[in-house]
Every structure is written in C-alpha cells, then in structure tokens.
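Beneath this line is the structure, given in structure tokens, with notes to follow.
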Amino acid sequence: MKKYLLSLAVVSLLYTESGACAWSDPDYEYFNLFTQSIIKDKSYLPFLHSYSTRFYTDFKPSMVPDENIESWKRYFNNQLNYAQTEYLVNKMSINDLNALKKGSPTNQLLITLGPGFYPKYREGIDYLIEAKYLEPYMKINYIESADSFYYREPGTGKNATNLDYNKTIAALTSLYNAAKNPEIKQRYGYQLVRFNHYTRNYDAAIKAFKTYVEPLRLKDAPYIMALDQLAGAQRGLGMNSEANWNFFQVFRDSKSRKESAFVSMKLSDTASFNNILKRANTDEDKNMAYFLLGYEDFNNPIPVMEKMFEINPDSEILKVMAVRSINELERSYLPIYYYTDNNGTVTEKTNAGNNKEKSITETTKPEKEELSFWQKIVRFFKNLFGSKKDKSSTDGKADQNDDELLNNPDRIPVFTKNSYWYDDKTKDFLDDLEKFTSKTKEKSKDEYWQIADAYLKFLKKDYKASTEILENIKTSNPEYLEEIKRMKVLNDIVSQPKIDADYEDHLMKDYSEYFAEKPEIKKDSTETDEYNYYGEVPSTADFLKDVLANRYFLQGEDGKSFLMNNKLSDLQYSPNSSLVKSVEDFYRKPNKTQFEQQIIAKNIDEVGNIDAFFAVIYGDRAMRQADFEKAKSFYTKAQNFSGIPRTEWNYEEKKITPMKYQPGAYDGFSNISDLVFGHNVWVSYQSSPEESMKREDYSAFPFIKPTMNKLELADALIRLKKIGTGKDEKSTTANQLIGNVLYNTSILGYYRQLFVMDLDNSNGGKYYFDTSERANPYKYYYKGFPDRIYIEPDNYDLAINYYKRALNASTNKEQKARILFQMASAEQGKYYQYEAKHPSTVDYSDPKWSEKSDAHQKQLDQIKNQKYRTYFALLKSQYSDTETAKNLLGSCTYFSYFMK
C-alpha cells in the first residue's frame with residue numbers, strides 16, 4: 001500500500017499553496033525583469049530561483065556543457081565539435097562503432113572522419129564500444145520491499161546483476177591493464193567502480209577506486225565520475241560523512257553533475273552541509289559550503305552572503321545567492337496581475353486563464369503561509385511605481401502631472417507612493433540586500449554588482465539613482481549590456497507620470513522593439529514541441545504594456561488602456577457602456593500617433609463589421625433600460641453584424657479559426673425565438689426552450705414573428721408599448737408581454753444571454769449578482785478583461801412597472817395571478833441584488849461563527865419577507881384559489897414554500 005503514497009503526493013502538488021489551483025505555474029506569474037541567467041558561470045544555472053521545479057530549468061542544456069564530452073573532444077584533438085562529440089559518445093550505436101573498427105563504416109560522420117580515424121584513436125573507440133555494451137545494464141538492482149514508499153516506473157528490466165559478475169570484472173580489469181593512454185585507463189577504472197556499486201558490492205567498489213583510479217592521479221572528468229560512484233558505494237555502507245565529502249567534491253569540480261551531487265548530499269546526511277563546512281580547508285571549499293548552506297536555508301541568506309563576501313567578494317557563487325534574493329524580491333513586488341473590488345477581493349490571473357480569489361481585509365487575514373503568497377499578488381499595483389519627483393526640477397511640470405493623476409480617487413496608479421502591501425520583513429530584506437550590494441560593488445571587479453544595485457534602486461522607486469548607476473557601468477559582457485539596456489528603458493517609462501503624444505513618439509523612436517510584434521522563433525532540434533499549459537512567460541514588454549495601460553487609465557483614456565492588453569472582440573465579455581464608448585472614440589480618433597496606430601490600434605481585431613459590433617452593444621444596453629426606440633436606432637445600424645466573434649477548433653485545418661454559425665443558430669443578433677415573450681414553466685437553463693418556456697397568446701399581435709432578429713424584436717416592443725397605452729384587454733396583454741421580455745432577459749431569465757453579448761444562458765460571470773456600486777470595478781487598468789466580468793445591473797423595476805400596468809387593467813383573475821407571479825419573480829431579483837451587497841462579515845475563526853452567521857441569515861430572511869415579498873403575499877391572499885396558483889405550486893419550489 002505504501003508504494004502509492006508518493007503518487008498521491010505528486011497529484012496533491014497540483015493543489016498546493018504555491019500554485020493555489022491546478023495547472024498553475026508560479027514561474028509564469030512574474031515578469032522576470034532581472035535576468036537571473038546573466039551569471040558568468042553557467043554551471044550554477046540549476047541553482048537559480050524557481051518555484052515550479054526543484055531546480056531552475058529555464059535554459060538550454062547546451063549552456064552547461066558536460067565535462068565528460070569536453071574531455072572526449074580534447075581526446076579527439078578537437079576534430080569534432082561539441083555536438084558531434086556528444087553524438088559519438090552518447091547517441092551513436094554500438095553497431096556503427098563496430099563497423100568503423102572493421103574498416104567499413106556506414107555512419108556518415110564516421111565516413112567523413114576518414115579511414116585514419118580509428119587507427120589513431122583505437123583505444124578510445126574500443127573503450128566506447130565496451131561502454132555502450134555495458135550502458136543498458138548500468139542501473140542498480142532495485143530491491144522492492146513492503147516499506148517502499150514510491151512507485152517505480154517500468155523500464156527495460158535490465159540492471160547490473162544481469163551481467164556475469166566474474167566475467168565482467170575480469171574483462172574490465174584486462175582492458176584496464178592493456179590500455180596505454182592514462183585517461184582511457186582511468187575510464188576503465190571508472191567502469192569497475194560503477195559496476196561494483198550497481199551490483200551492491202560496495203566494498204569492492206571502494207577497493208576498485210583505490211586500486212584503479214586513485215593511483216593515476218588524474219583529476220579530470222573520468223575521475224569526477226568515478227568519485228561520484230565511490231560516494232554512492234560509501235553511502236551504501238553507511239559511511240555518510242565520507243560519502244558526503246566526496247559528493248561535495250563532485251559538486252565543486254563538476255559542471256554538469258552539480259544537481260545530482262546536491263541531491264546525493266541531501267540523501268546521505270541530514271547534517272550534510274554543516275559537516276562539509278567543518279572539513280573545508282580552502283577558501284573555495286568554504287565558500288562553496290556556505291553557498292550550499294544559504295541555498296538550503298533561504299529564509300534570510302544575507303548572513304551567509306556576508307561570510308562568503310569576507311572570503312571572496314568576486315565569488316561567482318556569491319552572485320548566485322544575490323540573484324536568487326533579487327528574484328525573490330521581484331516576485332514580491334511584481335506579480336503579473338492584480339485588481340480589487342470594493343469588498344477587498346483580490347484576484348490573481350495566471351496566463352493559463354486560471355482565477356484565484358481570496359478576501360484580504362483588515363478583520364479577516366489569510367493564514368500565515370498563504371499571506372505571503374497573496375501579498376505577492378497585491379504588491380504590484382500598490383508599492384513601486386509612485387513617481388519620485390525630482391526635487392531639482394524647476395518647472396514643476398512633473399509635480400503637476402503627478403498630482404493631477406494621483407488625485408483621482410477611483411483610479412490608482414501602479415506602485416503608488418508610500419503604499420506598501422507587504423510586511424515589514426520584505427521591506428527590511430530589500431534594504432539589507434541593497435546595503436550588501438552597494439558594499440560588494442565597491443570591492444568586486446565584476447560589473448554584475450553595479451547592475452544589481454541599480455535594479456534594487458529601481459525596486460525602491462529611486463529611478464534617478466538607478467539610471468545614474470547604469471550610465472556609469474563600463475562593460476563588454478553582452479548579457480550585462482542587454483540587462484543594462486532593459487533597465488534604462490524601465491526607469492524611463494516607469495518614472496513617466498503621464499503619457500502624451502510626444503512621449504508616444506519617443507517610445508516608437510527609442511523603444512519600439514519592446515512593443516512591436518515579434519516574429520515566431522523557430523525551435524532548434526534540442527527543444528520539444530510540447531503543449532504549453534501556462535501560455536507565454538510574462539516578459540519585459542508585458543510589464544511595460546501594463547505600466548502604459550495604467551497611465552492611460554489614470555488619464556481617463558480607458559479605450560487606450562483597454563486595448564493595451566485586450567482585443568476589441570473582448571468587449572463581448574463585459575460590455576459596460578462607458579468603456580465601450582471610450583474604445584469606440586479611440587477607434588474613430590483621427591490623426592493617431594504612430595504608437596497609437598501600430599501598437600494600440602492593432603488590437604482592434606477582426607469582428608466583422610466594426611460599426612455593427614458597437615451598434616449591437618449599444619442597442620443591447622438600451623434594451624436592458626427599456627428604451628426600445630433608442631435600441632431600434634442602434635440595431636438599424638447593426639444589420640451587417642456578422643455574429644459575436646468566437647473561435648473554435650478547426651479539425652480539418654488543425655488550428656483555431658473564427659466560429660462559423662450554423663443556419664438558424666442565435667449569433668448575437670438574429671434567430672431569436674418568440675418564446676422570449678413567454679413565461680417560465682420551470683427554472684431550468686439547461687433544458688430546451690420548449691421545455692422551460694411557454695408561449696402567451698400572441699394572436700392579437702401578428703408582428704411577433706416565430707423567429708426575429710434584434711431589430712425586429714425592438715420594433716415589436718415599440719408597437720406593444722404603443723398598444724399598452726390603451727385600457728382594453730389587448731393593452732393589458734401588451735404590457736404583460738413587455739414585462740416578460742424584460743424579465744426573461746434579466747439575470748434570472750431563460751434568455752439572459754440576449755442583451756449581454758453572449759450566445760447561450762449557461763452559467764458564468766455575466767449572471768452573477770455584482771456587489772459593486774461603482775460604474776466600473778477596475779481601479780488600475782483592464783488587464784485580463786475577459787476574466788473580470790462586470791455588466792450594469794438589471795433594473796427589475798422596469799419589468800415590474802409594465803406588469804403593474806397590465807395588472808391594473810386586467811379583469812381576468814387567472815391572468816392577474818400569472819402577472820403577480822411574474823412581478824414576484826422580478827421582486828425576487830431585487831432581493832438577490834440586496835443580498836449580494838450585504839454579505840456576512842463574520843470571521844470563520846470566530847468561536848461564535850455559527851451563531852453569528854445564523855443571526856445574519858435570520859436578519860436577511862426578515863428583510864426579505866418584509867420588503868421583497870409584496871407580490872407573493874398578494875398572490876397568496878387573493879389568488880390562491882386560481883388554477884394558475886395551483887399549477888405554480890407544483891412547478892415552483894420557492895412559491896410552494898411561501899404558500900405554506
């Protein structure tokens with residue numbers, strides 16, 4: 001049973017706090033503005049900062065060359081390049097090498113090397129033939145027991161015990177003795193140590209190392225590989241301290257085996273790094289041991305970094321510790337997405353489209369472990385970008401612009417001044433790291449420390465000081481130069497309080513590479529073509545887009561703010577009127593700047609007829625306001641509407657393409673059933689229209705067609721409205737039908753999708769009762785707009801008023817009962833709106849949570865019965881004997897409950 005535990009643990013990782021939801025990758029949730037990989041010694045790349053994986057993996061394997069391949073490359077006198085050598089050693093088949101040995105090679109690389117290649121490197125080729133024969137068996141014999149805590153994936157089934165032990169040892173010993181080249185001799189020694197290790201002959205493995213490897217006194221790649229095997233054998237014998245020291249030496253001296261050596265040290269001895277530190281004699285060993293200590297315990301690495309600094313301020317691994325610290329701070333300050341509504345709900349959106357919501361209030365705080373995670377989400381727009389005004393400025397323009405923007409109470413600039421949404425420890429860590437970096441840049445000859453210091457100044461909003469440092473750095477390192485260039489751009493754009501036409505021209509002239517579309521990069525042969533569940537990794541360009549989107553937002557240019565991060569077609573997901581108007585104003589703006597034309601306007605994507613697209617949105621809003629004449633005027637302009645722009649997977653073309661509407665399908669404008677004038681038989685959005693809805697008697701209104709478009713629907717409502725001004729039975733029904741349409745297209749109605757740019761009534765954000773009193777819930781900008789739904793709330797009084805006219809004019813008791821029930825249903829919508837705006841504020845940790853929650857619910861029930869049951873009460877008291885009321889008792893649960 002125990003062997004399944006690890007599998008369950010792995011599954012549970014998908015739901016851990018680090019990701020907070022399935023398929024979330026925290027390494028895709030920040031902008032990575034300070035490039036970790038600019039460290040010079042690329043062998044330390046696996047030890048850069050990563051939340052998603054145990055070791056950092058965002059680099060090509062070729063960036064960390066294998067010392068074994070480099071050793072073989074030297075052995076062959078550099079006749080082969082690195083890739084060819086790696087192919088020959090690791091991938092070429094044993095048959096190809098045997099054919100070379102026989103003088104009849106068939107492999108093109110071996111043919112190219114010529115007939116003299118084998119005679120010249122006979123010993124090396126013969127070794128590779130032997131090594132390739134052994135390789136499939138070079139696995140330790142796995143011994144399963146009842147205490148095995150993991151599931152072992154099926155493999156070839158081969159392991160070292162499948163070989164004849166005595167014959168293999170004899171063959172390798174003979175080959176060792178026959179070899180003349182010391183390096184090849186040592187490689188046979190490595191095979192002897194490895195074979196004994198994998199057959200669990202640990203004593204023999206240790207003896208083989210001392211007999212066949214150590215005496216050669218070579219400390220190159222084969223020695224490191226043999227030392228790694230020796231340490232494994234020592235661990236097998238319980239010689240943990242000796243094993244750990246040897247694994248440490250592998251970690252120190254190897255380029256490509258640092259990860260495995262680190263893991264082996266962890267497995268060998270829980271006190272591993274402290275024990276290594278005791279044995280370290282040289283400064284290099286001590287620095288390496290301190291690095292491992294700091295890497296393992298990353299709560300506050302600065303004390304360890306101080307010790308490393310004292311030993312060698314130019315240490316490359318000290319830079320690794322620093323860049324990990326900078327990366328941690330960057331994640332704390334710069335999450336990719338943040339907004340909050342009036343209830344303090346904070347939502348982070350990853351590029352996969354996954355939303356995570358959590359309430360952060362003064363009275364209700366998350367648990368300690370989650371607090372740091374969610375703080376990272378909210379810091380982006382709360383702590384960094386507040387413009388630091390240049391006190392030396394004499395014209396006062398920067399101050400004026402800054403004040404003008406900051407004084408808008410409903411719109412908040414990213415990185416507002418003196419507004420920190422992180423704990424004091426985070427701020428203290430930034431201060432301490434800045435002090436350490438400033439000190440180190442004075443001692444170290446590496447320009448890295450100046451770049452790091454400039455970046456920390458950027459995080460602290462001291463853009464002037466950051467830029468001055470960058471201007472004075474003299475370096476020829478291309479990676480450093482690229483980082484310096486990027487940081488200068490960041491300081492420039494982030495410190496700009498207002499974006500006008502002149503500044504947009506500056507952006508296009510000097511920084512167009514950060515905003516222009518990049519051509520698709522063809523993958524090389526080493527890269528996989530696996531599907532990316534998380535989307536594109538956020539980039540510097542994404543960060544700058546966010547900054548500019550916020551600046552436009554503050555300036556009241558909502559249309560430009562929206563289009564920085566969204567497509568025009570995204571308006572369908574939350575078509576609130578003021579934003580739509582601002583986007584349309586930008587679309588129609590004459591004399592756009594080059595930046596507006598090439599960077600912003602490119603997001604006015606294909607929606608068919610753009611004028612018709614806007615007209616449908618405006619017409620829908622007018623319909624929800626019961627302004628049918630206005631709606632008709634817009635719908636008249638929308639007759640070329642090509643359908644709500646959606647996409648679908650095209651199986652023939654094997655790609656996502658614009659959706660093609662089937663004949664007769666509702667497309668956002670056409671093919672609306674006359675059942676929209678009817679009433680519910682029961683509330684079931686998943687059922688067919690014929691199952692959920694029932695037609696009224698439309699015989700007196702021939703202009704109500706079985707199927708209509710929105711223009712025809714608006715025209716029908718205008719005619720009904722005119723008829724409804726009368727006093728006869730026809731006018732009563734006309735008002736009732738208008739009330740039905742208004743109710744049926746509200747959040748509660750079966751046709752709730754008709755006037756909110758949606759295609760069906762399936763559940764989603766458009767059909768939630770919003771709690772915001774704001775005309776627009778956004779405070780920063782419109783990033784992730786399709787995921788943040790806000791539509792102006794329904795006005796149920798509009799439907800109720802038409803129902804009242806019908807009720808007052810009707811003389812038919814059954815009709816009156818039906819109308820009263822429709823009025824009661826609309827009044828129920830008003831109650832749901834009230835309830836959503838008055839949620840319980842009782843803390844779940846309150847010992848009296850249950851008691852207080854019950855009291856809150858009791859209060860809501862009391863208000864509901866006192867203020868929102870007017871028409872139910874009238875229906876019960878005066879019309880309970882009608883057939884309509886009796887039928888409702890069997891189909892409407894909450895009506896049945898109320899009638900009791």
Side-chain angles (χ1 to χ4, degrees), residues 25-53 55-64 295 298 301 305 315-336 351 376 380 384 430 433-434 436-437 440-441 444 446-460 463 466-467 469-471 473-494 511 513-515 518 521 527 534 536-547:
D25 186 341
D27 284 336
Y28 282 67
E29 294 171 6
Y30 79 112
F31 292 100
N32 198 19
L33 301 182
F34 191 91
T35 307
Q36 292 192 81
S37 58
I38 64 173
I39 59 172
K40 292 177 180 176
D41 188 343
K42 304 302 183 186
S43 68
Y44 288 106
L45 289 177
F47 294 87
L48 299 177
H49 203 16
S50 171
Y51 283 154
S52 308
T53 53
F55 294 102
Y56 183 80
T57 58
D58 192 18
F59 62 91
K60 294 182 178 179
S62 59
M63 295 175 70
V64 184
Y295 177 86
F298 202 70
M305 293 167 65
S315 168
E316 189 72 9
I317 51 177
L318 179 56
K319 287 161 53 181
V320 178
M321 292 296 293
V323 80
R324 285 174 57 85
S325 300
I326 291 172
N327 185 269
E328 177 69 25
L329 281 169
E330 183 174 312
R331 292 168 185 268
S332 298
Y333 279 81
L334 311 177
I336 64 168
N351 283 12
K376 292 170 187 174
F380 181 19
L384 186 58
L430 174 56
L433 185 60
E434 183 190 28
F436 178 84
T437 303
T440 309
K441 77 175 184 180
S444 174
D446 196 324
E447 301 90 356
Y448 166 86
W449 294 102
Q450 298 176 63
I451 299 173
D453 190 40
Y455 187 76
L456 294 175
K457 295 285 194 300
F458 163 77
L459 289 183
K460 297 189 78 171
Y463 310 122
S466 177
T467 301
I469 294 171
L470 296 170
E471 293 288 355
I473 298 176
K474 308 298 181 184
T475 182
S476 59
N477 184 306
E479 291 185 301
Y480 288 2
L481 289 171
E482 180 62 30
E483 184 66 32
I484 291 168
K485 175 185 174 184
R486 180 190 300 130
M487 289 174 58
K488 286 181 179 178
V489 175
L490 290 172
N491 281 325
D492 183 359
I493 296 178
V494 167
Y511 306 138
E513 65 184 277
Y514 290 99
F515 302 104
K518 300 291 191 300
I521 300 175
E527 295 180 280
Y534 311 110
E536 294 299 319
V537 177
S539 65
T540 300
D542 295 318
F543 177 79
L544 295 176
K545 273 200 248 180
D546 287 358
V547 175

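Each residue takes its place number in the sequence, starting with 1. Just the heavy atoms: all of them, side chains too, but no hydrogens, waters or symmetry mates, feed the values below. What you see is a predicted model; the values in this text were computed from it and never measured.
Atom OH of Y333 sits about 11.5 Å away from atom CZ of F458, to the nearest 0.5 Å. Separation of atoms CZ (R331) and CG (N32) is listed at 8.0 Å; rounding is to 0.5 Å. Atom NZ of K319 and atom CD1 of I38 lie 7.5 Å apart (nearest 0.5 Å). With values rounded to the nearest 0.5 angstrom, E316 atom CD is found 14.0 Å from M321 atom CE. Between atom CD1 of residue I493 and atom OH of residue Y511 there is a gap of 6.0 Å, rounded to the nearest 0.5 Å. To the nearest 0.5 Å, atoms OG1 (T35) and CD (E479) are separated by 8.0 Å.
Looking at every heavy atom in both residues, A322 comes nearest to M305 through CA-CE, 3.8 Å. Listed here is the closest heavy atom pair of S466 and N491: OG-ND2, 2.9 Å. Of all non-hydrogen atoms in A454 and I469, the two that sit nearest each other are CB-CG2, 3.9 Å. Here the closest heavy-atom approach between residue L430 and residue K460 is recorded as CD2-CG, 3.4 Å.
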Take S43 and D41, measure what side chain to side chain donor-acceptor pair (under 3.5 Å) needs, and give me the verdict at the end.
-> CA-CA 5 Å; S43 68; D41 188 343; 2.6 Å; yes

Check the pair V323, Y448 against side chain to side chain contact (heavy atoms under 4.5 Å, CB included), reporting the backbone distance first and the verdict last.
-> CA-CA 10 Å; V323 80; Y448 166 86; 3.3 Å; yes

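With respect to D446 and K40, a salt bridge is recorded, a charged nitrogen being found less than 4.0 Å from a carboxylate O. Using a 4.0 Å cut-off between a side-chain N of Lys or Arg and a carboxylate O of Asp or Glu, E471 and K488 qualify as a salt bridge. Ion pairing of E513 with R486 is absent here, as no side-chain N (NZ or NE/NH1/NH2) approaches a carboxylate O to less than 4.0 Å. Between K457 and E434, at least one side-chain nitrogen of the basic residue sits less than 4.0 Å from a carboxylate oxygen of the acidic one, meeting the salt-bridge criterion.
Of the possible polar contacts, one joining the D542 side chain to the S539 backbone as a donor-acceptor pair under 3.5 Å is found. Side-chain N or O atoms of K545 include none that pairs as donor or acceptor with a backbone N or O of T540 at under 3.5 Å. Judged by distance alone, the side chain of E330 and the main-chain N or O of L33 form a donor-acceptor pair under 3.5 Å.
Y295 has its side chain within reach of R324: a pair of non-hydrogen atoms, C-beta onward, lies under 4.5 Å apart. Counting heavy atoms from C-beta outward, L490 and Y463 have side chains that stay 4.5 Å or more apart. Contact annotation: the side chain of P46 never approaches that of T57 to less than 4.5 Å [non-hydrogen atoms, C-beta and beyond]. I473 is not listed as a side-chain neighbour of Y480, based on a closest heavy-atom distance of 4.5 Å or more. Side-chain atoms of L329 and L456, non-hydrogen and from C-beta on, do get closer than 4.5 Å to each other. Using a 4.5 Å cut-off on side-chain heavy atoms (C-beta onward), S444 and W449 make contact. Between T475 and I484 there is a side-chain heavy-atom pair separated by less than 4.5 Å.
With sequence neighbours left out, F34 forms a ring pair (Phe, Tyr, Trp, His ring centres under 6.0 Å) with Y455. Evaluation of the ring pair (Phe, Tyr, Trp, His ring centres under 6.0 Å) rule for F55 yields F47, F262 as partners, not counting sequence neighbours.
For the residue pair E328 and H49, a side-chain donor N or O sits within less than 3.5 Å of a side-chain acceptor on the partner. For the residue pair Y51 and N327, no side-chain donor N or O sits within less than 3.5 Å of a side-chain acceptor on the partner. Counting only N and O atoms by type, the side chains of T440 and T437 include no donor and acceptor under 3.5 Å apart.
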